[in-house]
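Here is the naming used below: chain letters follow the sequence lines, and residue numbers restart at 1 for every chain. From a predicted model like this one, the values you see are computed outputs, not experimental measurements.
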Amino acid sequence: MCGINWYWQGGGALRDSGRWRHREEVARRGSPSAPRMPAMPKSPIADPNEDYPRWYQDVIAKAGLAENGPVRGTMVIRPYGYAIWERIQADIDRRIKAAGADNVYFPLFIPESYLQREAEHVEGFSPELAVVTHAGGKDLTEPVVVRPTSETVFGEQMAKWVNSYRDLPLLLNQWANVVRWEMRPRLFLRTSEFLWQEGHTVHADAEDAAAYALRIHHDVYRDFLVDTLALPVLLGRKTAEERFAGAINTMTCEGITRDRKALQLATSHELGQNFARAFDITYTDEGGTVQTAWTTSWGASTRLVGGLIMGHGDARGLRLPPRIAPTQVAIVVVRDEDGAVDAARQLGDAIAATGARVQVDADTHTGFGRRATDWELKGVPLRIDLGPRDLAEGQATVVRRDTGEKLPIPLGEVPGRIEPLLNEIQAAMLGEATDFRESATTDVASIDEALEAGREGVGRIDWAKLGPEGERRLLDDGVSVRCIQRPDGTVPATEDEPNLQAIVARAY
RNA sequence: CGGGGAGUGGCGCAGUCUGGUAGCGCACUCGGCUGGGGGCCGAGCGGUCGCAGGUUCAAAUCCUGUCUCCCCGACCA
């Protein structure tokens, strides 16, 4: 948790360049007749204001998060990207267990017939199924699908495990990979195979199921997204149009990216009795009557990494909130002179002793500028520059990644300043992202205005004014209803509550 | 599947029209100078030009076939 690594080895892979030429041309075009200026510092990544999709890909490549796998749509997650995922996993897993669910593992392969037992479910997932028809050197009598999600296998098994009202609620979760053959893949946001957590629960009645789905939505997803990832998500209910295939209610956490689109970051579904009926999940109640159970499912995936990138990243690369950052503090030895390396290691030990995750970058054969840029690309919240000049003055230069602010701090005081600074950064990032979202949001009163607002950013309109017909009109132009929520931002129990607001935007 | 484009060192590309010694940038290796924001100079390593046929004295380049990938249109955590 608070270990310290002396030698940082992650730099080499970042250093492939590639796309500089074009950017330099763009930069020159900007000022054709200007006299030769001192060269602007070259950015290793695209300008997010000019080409956001390329910026996104550049950040993933240069920060060493992931790259494409050999099969279209697949993703190789590299050490730094996986370290972020592991921290996401650990945090969510802790919250899921606190909500009372136990972890299990179910098979990757599902009989094709299972999918077909729930009509909407098949219809929703068939187009993106990977199906194994041939194995062990012969055709299979029944093809098996590679799970796109596991409601069906869970349903089949849970039916066996539930007999009495005393067996309920049954609260299960698994961490797994799933496969959905996507047409337009994008690293982390939409890959053919992705990693996620999927919870599956069985309850005695509708109320208990609804309450649990809501509890997960708040205590696991909302709290994690806001408190740990510093992403100010919008909570709400999906419209019938956007609902999960087979659910009676889907609740969502919608993030807003820096290019003003919506990104669904986690969902929690009430499945009603649809799957319980299809898989015969029944129990005997206290009165001795056989009842059909109610189920829920809920999930969050590696897409969260994409949400982090797009929710906080800036022109210099990734910015990680301290609570999720695998490395919170990077001590950069400017030059190996006057005992700077030893001083950096001592400082590293002192900081590690406060509980912060710190790394010493003593790779002084690489120029300082290169290393400073690399740590910025990786989004490490605090960088501490330490060189002969600092040592002579008995200080270190602490640089905040979120603001770029450089703080000269006396060496002895540095360790004590780290935790407060990290807390400050965590809070500032949430505040900044919240301000950004508000600035991207427009309240509107008509369908036309909603369309306009949704194309440019986020629109908010009375659900009663929009309605399913208005929703379909927006869809024709690529704008969807991301969720409907109460005026106070909480999740409505039904679509029919008065004064509901529809949040509309383009979506990833 | 409909429409557009591309396959050339690890990555990004030029060369193809008009056949004639495969080139550039980055990365990588070595040496030196540097060093407080992606440094400079020099020397190197590395490619059967997607694949298969054909034309020709000669093919990355022309012809035929074939494979693959990417982008734009319809899904999703």
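- Checked against B:rA74, B:rA77, B:rA27, the side chain of A:E182 finds its nearest nucleotide in B:rA77.
- For A:H200 and A:F275, the ring centers are positioned 6.0 Å apart or more.
- For A:R370, a side-chain nitrogen or oxygen approaches OP1 or OP2 of B:rA27 to under 4.0 Å.
- Taking 3.5 Å as the limit, the base of B:rG36 and the side chain of A:K406 contain no donor-acceptor pair of atoms between them.
- Comparing B:rC75, B:rG35, B:rA77 by their closest approach to the side chain of A:T364 singles out B:rG35.
- Proximity note for A:R190 (side chain, C-beta onward) versus B:rG37, B:rG36, B:rC75: the nearest is B:rC75.
- If you check every strand for non-hydrogen atoms under 4.0 Å, A:L304 touches nothing.
- Contacts of A:R186 with the nucleic acid, taken as non-hydrogen atoms under 4.0 Å apart, are absent.
- No contact: A:P148 has no heavy atom under 4.0 Å from any strand.
- At the heavy-atom level, A:T191 lies under 4.0 Å from base atoms of the strands shown.
- Distances were taken from every side-chain heavy atom of A:F194 (C-beta onward) to each of B:rG39, B:rA77, B:rG37; the shortest belongs to B:rA77.
- Closest to the side chain of A:R72, out of B:rG37, B:rC71, B:rA77, is B:rC71.
- Remark on RNA chain B: of its neighbouring residues A:S301 and A:R184, the 5'-side contact belongs to A:R184, judged by nearest-heavy-atom nucleotide.
- A:Y508 comes within contact range of at least one nucleobase, with a heavy-atom separation under 4.0 Å.
- Straight-line distance from the CG atom of A:L195 to the C1' atom of B:rC76: 16 Å, rounded to whole Å.
- If you measure from atom CZ of A:R335 to atom P of B:rG37, you get 11 Å, rounded to the nearest angstrom.
- Nearest to the side chain of A:E128, among B:rC75, B:rA77, B:rG36, sits B:rC75.
- Residue A:R303 places a side-chain atom within donor-acceptor reach of the base of B:rC76, judged by atom type and a 3.5 Å distance cut-off alone.
- Closest to the side chain of A:F244, out of B:rG37, B:rA77, B:rG36, is B:rA77.
- In this structure, CE of A:M75 is placed 11 Å from C1' of B:rA77, rounded to the nearest angstrom.
- Checked against B:rG36, B:rG39, B:rA77, the side chain of A:V334 finds its nearest nucleotide in B:rG36.
- Checked options A:E471, A:E270, A:E254; the residue passing with A:K238 is A:E254 (criterion: salt bridge (Lys or Arg N to Asp or Glu O under 4.0 Å)).
- Remark on RNA chain B: of its neighbouring residues A:V332 and A:A507, the 5'-side contact belongs to A:V332, judged by nearest-heavy-atom nucleotide.
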